[in-house]
Novice: 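Structure provided below as structure tokens; questions to follow.
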Amino acid sequence: MHGKLRKNAGAKMSDAEIGLIGLGVMGANLALNIAEKGFKIAVFNRTTQVTKDFYANAGKLAANVVPCETMEALVGAIRAPRPIIIMTKAGEAVDQTIAALRPLLKGNDIIIDAGNANFRDTMRRFGELDGTGLTFIGMGVSGGEEGARHGPSIMAGGTQASFDRIAKVLHAISAKYKGESCAGYMGPNGAGHFVKTIHNGIEYADMQMISEIYGLMRDGLGMKAAEIAKVFGDWNKGRLNSYLIEISHKVLSVTDKKAKKPIVDIILDKAGQKGTGKWSVIEAQNFGVNASAIEAAVDARIMSSLKAEREKAEKAYKIPKKKLKVTSRAAFLKQLEGALYAGKIAAYAQGFAVMETASKEFNWNLPLGTIAAIWREGCIIRSQFLGEITKAFSKKGGNLLMAPAFAKMMQKDHTSLRAVVAQSALSGAPAPALANALSYFDGYRQSRGTANLIQAQRDFFGAHGFERIGEEGAHHGPWAMNAKHD
Ligand code: 6PG
């Protein structure tokens, strides 16, 4: 078989345990991970050369790889019932692949979409396959290239029975937290992709808040990249220990050979996005859940894209940049650490609240404790902090801000968040995710808010009614008789 690709189903042995379509970066690494864990895997890519190159570069692992030139050959190479992973670009490519696969598959085969699909597409695909005998799994995979190769965090949605059939492979290839697998069953139909979407929404907030803190150090304190790198390096040894802080430390330490400057200083300040952050916010709004810190992070990427406009506006407003007014840099750095921690608590509280509501809405019964647990390793937001969340959710659901351990932390650290947001506002340095995290906290812990006035306004102009304190039913104000029309 070496060097040759299977062209058709033929009479060759069907001995692969699993198949994979789409040998892009994530697909190729996932396939190697599967092969390395001792499972024979049949692989196919639309461009045959990609399959050939993948096979040629698989080294020892090639023994566990069956490279296929056609989808027929791929299907023929897998032992029935066949689990087939699709790892293509999310969207139309997935529908096309499913359409091409369907006539080749038989009842009980499992199609697994492992891309970053919109969970509403996943639910539609479930519906389309319903009654065909084929089963579908919508599976979120997090951890980037490295995670796919050596152990991602895996969030699977579908029937429990279809999950159980591939659980052995998933647990084998997933990341491990102190020996525990970071692959889990999230619930029916779109649950896995929904959880992955919220993972990414939280990822956006985490990254944005770290960037805001970086901005305050760079512009407010005038610190150099290497100095900021050191701060992140130190924080990574403490309670902020996480993959994103670790890589922030690393990227800030790298010098660009060409410019002979820190590489972050020559990277354009425009961030891309592929959609999962935006979907998190859209769904939060659909469910009526406040996810303002996540939303601010998505908006910040949009603002980042307006580079040319921002340059013009900076000139037009000529507002001199102010350094932060701090008496002690060391003390302010401590506040920044506290602010980041408190901001993180609020953003995670929002992400988990969105999941809790979606779970009720769709009857998913999302295992919030398990979700936090499988995010402790492998995924992009992995952190020590998720260990605390796992403990909080294994005790009780509800808003994270009310979990005793987090309430205790927030009680202390909200003062740092407040000081940092105030400083950023006074100096003119934007910190939208941190500011929204603070407003969320302040709004959440305020028993008497200001929506009474909104209700009065709504009733005045639209007779929408309001509730009186301590009384049942809808009431109206005496606006009409008091209103003066001149
Ligand atoms: C992960 C990442 C991964 C990908 C994001 C990036 O969990 O491994 O989140 O899914 O890097 O989709 O998203 P943006 O391109 O939208 O930043």
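A quick note: this is a predicted structure, and the numbers were derived from the prediction, not measured. Atoms within each ligand, like the ligands themselves, are counted from 1 in listed order.
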Novice: Check whether more than 12 heavy atoms from other residues, nucleotides or ligands sit under 6.0 Å from atom NZ of Lys176, and answer yes or no.
Specialist: yes
Novice: I'd like to know if the side chain of Asp206 pairs up with that of Tyr348 as donor and acceptor (distance under 3.5 Å, no hydrogens or angles considered).
Specialist: yes
Novice: What is the nearest protein non-hydrogen atom to atom 16 (O) of ligand 1, stated with its residue, atom name and distance?
Specialist: Tyr204 OH, 2.5 Å
Novice: Counting non-hydrogen protein atoms only, what is the nearest one to atom 15 (O) of ligand 1? Give residue, atom name and distance.
Specialist: Lys274 NZ, 3.0 Å
Novice: Relative to each other, are the rings of Phe352 and Phe393 parallel, tilted or perpendicular (30° and 60° limits)?
Specialist: parallel
Novice: Any atoms of ligand 1 less than 4.0 Å from a non-hydrogen atom of His199? List them with their elements.
Specialist: 7 (O)
Novice: Please work out whether the ring planes of Phe232 and Trp235 are parallel, tilted or perpendicular, with thresholds of 30° and 60°.
Specialist: perpendicular
Novice: In the complex you have, is atom 11 (O) of ligand 1 within reach of the protein, judged by whether a heavy-atom distance drops under 4.0 Å?
Specialist: no
Novice: Are side-chain heavy atoms of Glu180 and Arg376 found at a separation under 4.5 Å?
Specialist: yes
Novice: Is it true that the side chains of Asn286 and Glu283 contain a donor and an acceptor less than 3.5 Å apart?
Specialist: yes
Novice: At a non-hydrogen distance cut-off of under 4.0 Å, which region of Arg301 contacts ligand 1 (side chain, backbone, both, or neither)?
Specialist: side chain
Novice: At what distance is the nearest protein heavy atom to atom 7 (O) of ligand 1, and which residue and atom is it?
Specialist: Ser142 OG, 2.5 Å
Novice: Under 6.0 Å between the ring centres of Phe385 and Phe406?
Specialist: yes
Novice: Do Thr51 and Glu69 pair up side chain to side chain, a donor and an acceptor below 3.5 Å, judged on atom types alone?
Specialist: no
Novice: Compute the minimum heavy-atom distance from Gly143 to ligand 1 and say whether it is under 4.0 Å.
Specialist: yes
Novice: For Ile380, take its heavy atoms, then give the atoms of ligand 1 lying under 4.0 Å from any of them.
Specialist: 1 (C), 2 (C), 7 (O), 8 (O)
Novice: Students should be able to answer this: which protein heavy-atom is nearest to atom 5 (C) of ligand 1, and at what distance?
Specialist: Asn200 ND2, 3.7 Å
Novice: Do me a favour and list the nearest non-hydrogen protein atom to atom 4 (C) of ligand 1 with residue, atom name and distance?
Specialist: Asn116 ND2, 4.3 Å
Novice: Note the single closest protein heavy atom to atom 2 (C) of ligand 1, along with its residue, its atom name and the distance in Å.
Specialist: Glu203 OE1, 3.5 Å
Novice: Going by heavy atoms, is Gly144 under 4.0 Å from ligand 1?
Specialist: yes
